[in-house]
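The structure under discussion appears below in the form of C-alpha cells.
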Amino acid sequence: MANQNQNQEAAVLSFVNRKREDALSSLSGHAISPKICEDDLADVISFFQHFSDAVDTSPAFSALRDAAQTVRKAVYGDRVFFRGLIEFTNYCKNDCYYCGIGRHVEGVHRYRLSTEEILACFRNGRKLGYHSFVLQGGEDPFFTDDRMCDMITSLRKEFPSEAITLSIGERSHESYQRMFDAGADRYLLRHESASEEHYAMLHPRDMLLSNRKACLYDLKRIGYQVGAGFMVGSPFQTAGNLAEDLRFLIELSPQMVGIGPFIPSSGTRFSAFPTGSLTMTLVMIALTRILLPTTLIPSTTALGTIDPVGREKGFSYGANVVMPNLSPVSVRADYALYDNKICITDDASKCQKCLTTRILQSGNLPDFSRGDHVCFSDDRNKDEATNK
Ligand code: SAH
C-alpha cells in the first residue's frame, strides 16, 4: 500500500513538473505539448483528494503550489488585480439547486438597483481607485436588452476607459452582441460542470449544459474577455467530473476562470450537503494555473468564507484577482448565494483596506488597473497600475 502511494506520488510529481515546464515554455513562445489525456488528469485529481487534509506536508502539494506560483509570476508578476463587484439584482428566473437566490427559494428579500444607484457604486469605486467593475445578478427578466444597453451606455459615457464586466447568465447571441456594442467588454459565466450527467444533477431540466457552452462560445466570438468556471465539492461531483472541467477549460481557452468551493445555502435542495474542501479548491486553482498559464483567476469570496485566510492561500496556489463588493451595504445580505457569506456589513473602503493589507502581507502587489488578460492588454494598463 505504502509503495502504491509512493508510485502515485511519483506520477503526480512528474505530471506537475512536466506541466510546469510546458507552461513556462509556452510563455516563451515554444509549442505546448500534446493534449492531456482525461484519465491522467482524473488520476492526479483523485490522488490529491485522498490526501485532502495534508495540504502542507506532502511533496506533491508543495510541488503543485510552487509550480502555480512560478507560472503566475512569470505571466503577471506579483500583481493581484482588483475588480469592484456590484450585485445589482437578486431576482432570478432560474432554480439552480445550489443557489440561495433561486426563484423558488423562500424568504429572500428581492431587490434591484437603479442605473443611478449603480452609477453611484461606480463613482465610489473610482474614488477608491478602481478601473474594473463587475455587474452581477440573477437572470432577471426585468433587465431586457434595451434596459441593459441603456444602463451600459450611461456607464460608458461617464466611465469611458474602465473595464465593464457583466455576469447575468444565459442570453441570446443578439443580446450579448448588443451589450458588447453598448460598451461591455467582459463576461463571466461559469460553466458549473462540463459533464452532462453532473450538470443535470445540479440544475432543473430546462437548463442545458449545451446552451451554457454555446453561450460561452458566442461570447468569445463576439470579442468579450470571457470567464468560465465551476464550484469544487458541489453535490455528486467526482474526480472525473473535475477532470472534464479542466479539459473543457483547455478547449474553450477563456481569459478568466472562477473556481470556488460549494457552500450549502439554507432554503435550497442542497442545504444539507457538505461544504467543498479548501484543499481541493486550492488544488483545482493551481492545476488551472499550470494548464492555462495566462488566465486571470480570482481568489473568491467563497474561499474567504470557508477559511479566514482562504483568499491568501488562493494567491499562493496561483490566483491573482480579488473581487471586493461595491454594492450598497443595505442590499449585501440579500445577495446570499450561500450561507455565512463574508463582508456583508463592511463598506467598500473597509473591504478595500482589508484586502490591500492581506495582499501586501502575502507578499503580493495590489493592482487597480483594468487588469486585462495579457492578450487584451495595452499600454493603458502599465500607466494605470498603481500600488494604491
Ligand atoms: N446569474 C449569473 C450569476 C450567478 S451567481 C450566472 O448565471 O452566471 C455566480 C456564481 O456563484 C455561480 O456561477 C455559482 O458558481 C456560484 N454559486 C452559486 N451558489 C453557490 C453556492 N451555494 N456555493 C458556492 N458558489 C455558489
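For ligands, and for the atoms within them, numbers begin at 1 and follow the listed sequence.
- Residue-ligand proximity: G137 is placed with a non-hydrogen atom under 4.0 Å from ligand 1.
- Within the 4.0 angstrom cut-off, atom 4 (C) of ligand 1 has no protein heavy-atom neighbours.
- Polar contact check, Y338 against ligand 1: no nitrogen or oxygen pair lies under 3.5 Å apart.
- For the pair P261 and ligand 1, a heavy-atom separation below 4.0 Å is found.
- Among all protein heavy atoms, the one lying closest to atom 19 (N) of ligand 1 is Y98 CD1, 3.4 Å.
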Query raised in the report: Going through the checks in order, is the side chain to side chain contact (heavy atoms under 4.5 Å, CB included) test met by Y130 and F122?
Result: CA-CA 9 Å; Y130 287 81; F122 267 61; over 6 Å; no
Query - Criterion side chain to side chain contact (heavy atoms under 4.5 Å, CB included) on L287 and F15, from CA distance to verdict - result: CA-CA 10 Å; L287 288 173; F15 176 90; 4.1 Å; yes
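- Remark: ligand 1 atoms within the under-4.0 Å shell around heavy atoms of L189 are 8 (O).
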Query raised in the report: Under the side chain to side chain contact (heavy atoms under 4.5 Å, CB included) criterion, do L155 and L135 qualify, and how do the steps go?
Result: CA-CA 11 Å; L155 294 168; L135 288 167; 3.8 Å; yes
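- You'll find the ring centres of H203 and Y98 inside the 6.0 Å limit.
- Aromatic ring pairs are classed by plane angle as parallel below 30°, tilted from 30° to 60° and perpendicular above 60°; the pair F133 and F159 is tilted.
- By the 3.5 Å distance cut-off applied to N or O atoms, I263 is counted among the residues near ligand 1.
- For the residue pair Y111/E87, the side-chain donor-acceptor check at 3.5 Å is not satisfied.
- Among E139, R212, M231, the residue whose heavy atom lies closest to atom 8 (O) of ligand 1 is R212.
- Shortest contact from atom 12 (C) of ligand 1 to any protein heavy atom: E192 OE2, 3.3 Å.
- Regarding atom 11 (O) of ligand 1, its nearest protein heavy-atom neighbour is L337 CD1, 3.5 Å.
- For the 3.5 Å distance criterion, the side chains of N340 and T305 fail to qualify, holding no donor opposite an acceptor.
- When the heavy-atom distances from atom 16 (C) of ligand 1 to E170, Q136, R190, E87 are ranked, the shortest goes to R190.
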Report task. Go through the steps for R123 and E116 under the test salt bridge (Lys or Arg N to Asp or Glu O under 4.0 Å), then give the verdict. Result -> CA-CA 10 Å; R123 288 178 195 134; E116 219 17 77; 3.4 Å; yes
